[in-house]
Amino acid sequence: MIRIIDATLAYVDAYDPSKEQLYLFCSLIQDIGITDLEISRKVYEKLGLMPKDIRFYLAIDRLEDKRKYPGIYKFIYDDGVNTDNGMVEIKIADAGDLTKLNTYKQFSYLRITGLDNLLFYNYMLLFQDVKQCLTRSRVNFAPGNHYKCGSGCAAIWGINGGSEVTTSFNGLGEKAPTEEVIMALRLTAHYKPNQKMSALPELSRLSEEITKMKIPRNKPILGSHIFFVETDTHADGILNNPSNYEPYPAEIIGQKIKSERL
Amino acid sequence: MKEKRYIVDTTLRDGEQCPGIALSMNDKVELAKRLDSLGTYEIEVSISASGEEEIQFVEEIKKACATSKISVWSRMSKEDIEKSIKCKPDIIHLGIPVSYVQIYHELKKNKTWLRKMLLICADAVMEAGVGLTVGFVDASRSDIGFMISLAKELEAIGVKTIQIADTVGILTPDRSGNIVRQLKECSNLTIEFHAHNDLGMAIANSVTAAKAGAEVIDCTLGGIGARSGNCNFYDLLDVSESFIDFGILKENVKELQEIFNLP
C-alpha cells in the first residue's frame with residue numbers, strides 16, 4: 001500500500017503556529033488517514049510531547065544530531081551527508097537528469113524531490129529506470145508543483161507501483177496537494193476507500209487560520225463552492241441523481257451539494 | 001522541434017457555469033474578439049440556441065472575430081440541432097453521453113438508441129454544411145471498446161473530430177494519455193481533449209493527452225468552470241511552452257484574464 005507523508009508542518013515556520021494549532025493539525029490529518037508527518041525543527045520544539053500514533057520525519061544536518069530529537073521515526077538528510085538508515089533527499093530539477101541516480105544505489109531509503117517537468121518526458125520509462133537503478137532502495141517521490149502538475153505526478157507514481165510520496169496540505173511549500181493525491185488514489189487505485197475525510201473542512205479552516213491565506217472557493221477537494229450548482233437544467237440533474245454528474249459524493253469530504261435555481 | 005497543437009476556449013460556455021461568473025452580452029462579444037486576436041483556434045460560445053437573442057449573439061461574435069472558429073454546444077436532439085444550425089456557427093459541438101451512467105441511468109436509454117440518434121444528429125449537422133465535433137461526454141467512465149467502435153462509425157460517415165470529455169474530472173495523466181493513444185491508433189480522427197479539475201489534474205491530463213496525440217485542447221480563462229473548473233488556459237501554455245506550439249503567447253492570455261477580472 002502506498003504511504004503518503006504529509007510535509008505541511010515542515011513549511012509552517014514562517015506563520016508561527018501555536019502549539020494548540022499544531023496538535024489540532026496532527027489530530028485532523030490523522031482523521032483523514034495520514035499517519036506520516038514531516039515536521040520542522042521548530043515544530044518539534046513547539047510540540048514538546050509528540051502526538052501518539054503518528055510517525056514523524058525530521059530533516060537534520062548531521063547524523064550526530066539525532067540524539068537531540070527523540071521520538072522521531074525517520075531522519076532526513078541532504079545528499080552527501082553520511083546517514084544511518086534514514087532518508088536521503090536528492091533534488092532533481094529536470095527529468096533528463098535522472099541518470100545521476102546511479103550514484104545513490106547504496107542508500108536504503110531515498111527521496112527524490114523536484115521533477116516538476118516529469119510529464120514532459122516518457123515518465124513510464126523514467127519510473128522503470130528508477131526502479132531498475134534503485135532495486136535495493138525504498139523510494140519516496142516528492143514532486144514539485146510549479147506547473148500545477150504535482151498531484152498528477154504523485155498519483156501516477158502511486159498508481160504505477162511507487163511505494164511512497166511526499167505531499168502537503170493545500171500544496172503548501174509547492175508540493176503536490178495531499179487532499180488531491182489522496183482522492184485521486186482513492187478513486188483510481190482503491191487507496192483507503194472507506195477512509196472518512198469529513199475532517200477536510202476543518203483542516204481547511206485551520207490552514208487558513210495558520211497561513212492567513214484564503215483557500216480559493218473552487219480549489220479541488222477543499223473549495224467551499226465546488227458542490228455549488230447555479231444553472232437551472234444542470235441543478236435538476238445533479239439534485240435528482242448526483243452520482244451521474246459528480247466525481248464523488250460531497251459527503252465524503254464533509255460537504256453538501258448546494259443549489260440556487262435561476 | 002515543438003509539436004503543433006490548438007486551443008478551444010470554452011470560457012463563454014463551460015466557464016460560465018462557474019458559480020458567481022456572469023458576463024454581460026457586450027463583455028462576451030468583447031472577450032471573444034480578444035480571444036480571436038490572441039490566435040485562439042476555436043471559441044465555444046454557447047449551449048443550444050434557445051431563441052432569436054441567441055442567434056443574434058452568435059452572429060455578433062462571428063462578426064467580431066476574424067479567424068477563430070465559432071462553435072455552439074448542442075445536446076443530441078433534433079430540436080437542439082435545428083436551433084443550433086439557425087445560429088450559423090462554424091462548428092456545432094454535439095455532446096453524446098458515452099458512459100453507462102449517462103446512457104442508462106440518466107437518459108434511461110440504451111446503446112442502440114444512442115447509435116441511431118447519433119447518426120441522425122450528425123447527419124443533420126453535416127447536411128446543413130456546418131462543421132461538426134462529436135463530444136464523448138463522460139468519457140472517463142466509458143468503456144474504451146465502445147468509444148473506439150463509435151469513433152470508427154463516426155469516421156465512416158465523414159466526421160473529422162471527436163472530443164474526449166472528462167466530464168466528472170476523475171482522469172489521471174496516464175489514463176488520459178492511454179485513451180487518446182488508443183483512439184489515435186484506431187482512427188484518423190482529430191482528437192480534442194476536455195479536462196475538468198476535480199482532482200487538480202486538468203493541466204496534467206491535458207499535457208499527457210496532447211503528448212499522446214490530441215491535437216486540440218479545451219481551456220478556460222482562469223480555469224473557471226463548474227465545480228473546480230476546467231484546464232487553465234495560461235497554466236497550460238506555461239507548462240507546455242518548451243515542447244508544444246499553441247501559437248499563442250501566454251503573456252497575452254494573462255493580460256486578458258486580468259482585463260476581465262477572471263481568477
Side-chain angles (χ1 to χ4, degrees), chain A residues 116-124 145-156 158-160 171 176-177 179-189 216-231 233-234 237-238 240-241 243-248 258-260 262, chain B residues 16-22 47-48 75 97 99 101-102 104-107 138 140-141 166-178 196-208 210-211 222-232 235-236 238-244 263:
Chain A
D116 294 59
N117 64 354
L118 178 69
L119 297 180
F120 300 4
Y121 293 84
N122 184 333
Y123 55 83
M124 290 301 292
N145 203 29
H146 175 75
Y147 294 115
K148 296 179 189 165
C149 292
S151 46
C153 294
I156 55 177
I159 290 164
N160 290 288
E179 65 281 359
E180 292 174 12
V181 177
I182 289 179
M183 190 56 84
L185 293 176
R186 180 186 179 121
L187 294 178
T188 58
R217 57 191 205 169
N218 67 343
K219 164 73 182 63
I221 320 299
L222 304 180
S224 60
H225 277 54
I226 59 176
F227 285 100
F228 189 89
V229 179
E230 209 174 57
T231 59
T233 50
H234 207 55
I238 291 172
N240 290 337
N241 216 327
S243 65
N244 290 355
Y245 293 96
E246 306 289 357
Y248 49 83
K258 301 160 224 165
S259 78
E260 182 181 286
L262 293 178
Chain B
E16 247 221 324
Q17 290 190 44
C18 178
I21 298 286
I47 297 177
S48 293
R75 292 179 302 183
S99 67
V101 164
Q102 288 287 329
Y104 291 89
H105 289 173
E106 179 63 20
L107 293 181
D138 207 14
S140 36
R141 294 191 293 187
D166 181 16
T167 307
V168 294
I170 56 167
L171 281 179
T172 53
D174 49 353
R175 265 202 79 208
S176 302
N178 285 341
H196 277 274
N197 204 34
D198 297 80
L199 297 179
M201 297 189 192
I203 296 160
N205 292 344
S206 298
V207 166
T208 52
K211 279 186 69 62
I224 62 169
R227 305 187 309 274
S228 291
N230 295 48
C231 180
N232 184 304
D235 288 339
L236 178 68
D238 186 42
V239 69
S240 61
E241 65 183 343
S242 64
F243 61 98
I244 293 180

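Letters go in sequence order (proteins before strands), and every chain restarts at 1.
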From A:L119 CG over to B:S206 OG, what is the distance, rounded to the nearest 0.5 angstrom? 11.0 Å

Closest approach of B:M201 to A:G152 (non-hydrogen atoms, all atoms of both residues): SD-CA, 3.8 Å

Heavy-atom cut-off 4.5 Å, strictly under: side chain, backbone, both or neither for A:F120 against chain B? both

B:D238 versus chain A, the contacting section by heavy-atom distance below 4.5 Å: both

For A:K148, is it the side chain, the backbone, both, or neither that has a heavy atom closer than 4.5 Å to a heavy atom of chain B? both

Is A:S151 in contact with chain B via its backbone, its side chain, both, or neither, using a 4.5 Å heavy-atom distance? both

Can you name the side chain to side chain contact (heavy atoms under 4.5 Å, CB included) partners of B:N230, sequence neighbours left out? B:T10, B:D14, B:H194, B:H196, B:T220

Here the pair of heavy atoms bringing B:G200 nearest to A:E180 is CA-OE1, 3.5 Å

Measure B:V207 against the heavy atoms of chain A and call it side chain, backbone, both or neither at under 4.5 Å. side chain

Only one of B:D198, B:V168, B:I170 passes side-chain contact (heavy atoms from CB on, under 4.5 Å) with A:L187; say which it is. B:I170

With A:R186 via salt bridge (charged side-chain N to carboxylate O under 4.0 Å, His left out) - residues at least two apart: none

Paired with A:Y147, the side-chain contact (heavy atoms from CB on, under 4.5 Å) test is passed by just one of B:L236, B:V239, B:I203, namely B:V239

Check whether A:N122 gets within reach of chain B through its side chain, its backbone, both or neither, counting any heavy atom under 4.5 Å. neither

State, with a plain yes or no, whether a side-chain heavy atom of A:I221 is found less than 4.5 Å away from one of B:L199. yes

Interatomic distance, A:I156 atom CD1 to B:T208 atom OG1 [nearest 0.5 angstrom]: 7.5 Å

Between the CD1 atom in A:I226 and the OG atom in B:S228, the distance rounded to the nearest 0.5 Å is 4.5 Å

Any side-chain heavy-atom pair from A:F228 and B:R227 closer than 4.5 angstrom? no

Give, for atom CD1 of A:I159 and atom CZ of B:R175, the distance between the pair rounded to the nearest 0.5 Å. 10.0 Å

Sort B:S99 into side chain, backbone, both or neither according to what part of it lies under 4.5 angstrom from a heavy atom of chain A. neither

Separation between CG of B:D174 and OG1 of A:T188, rounded to the nearest 0.5 Å: 8.0 Å

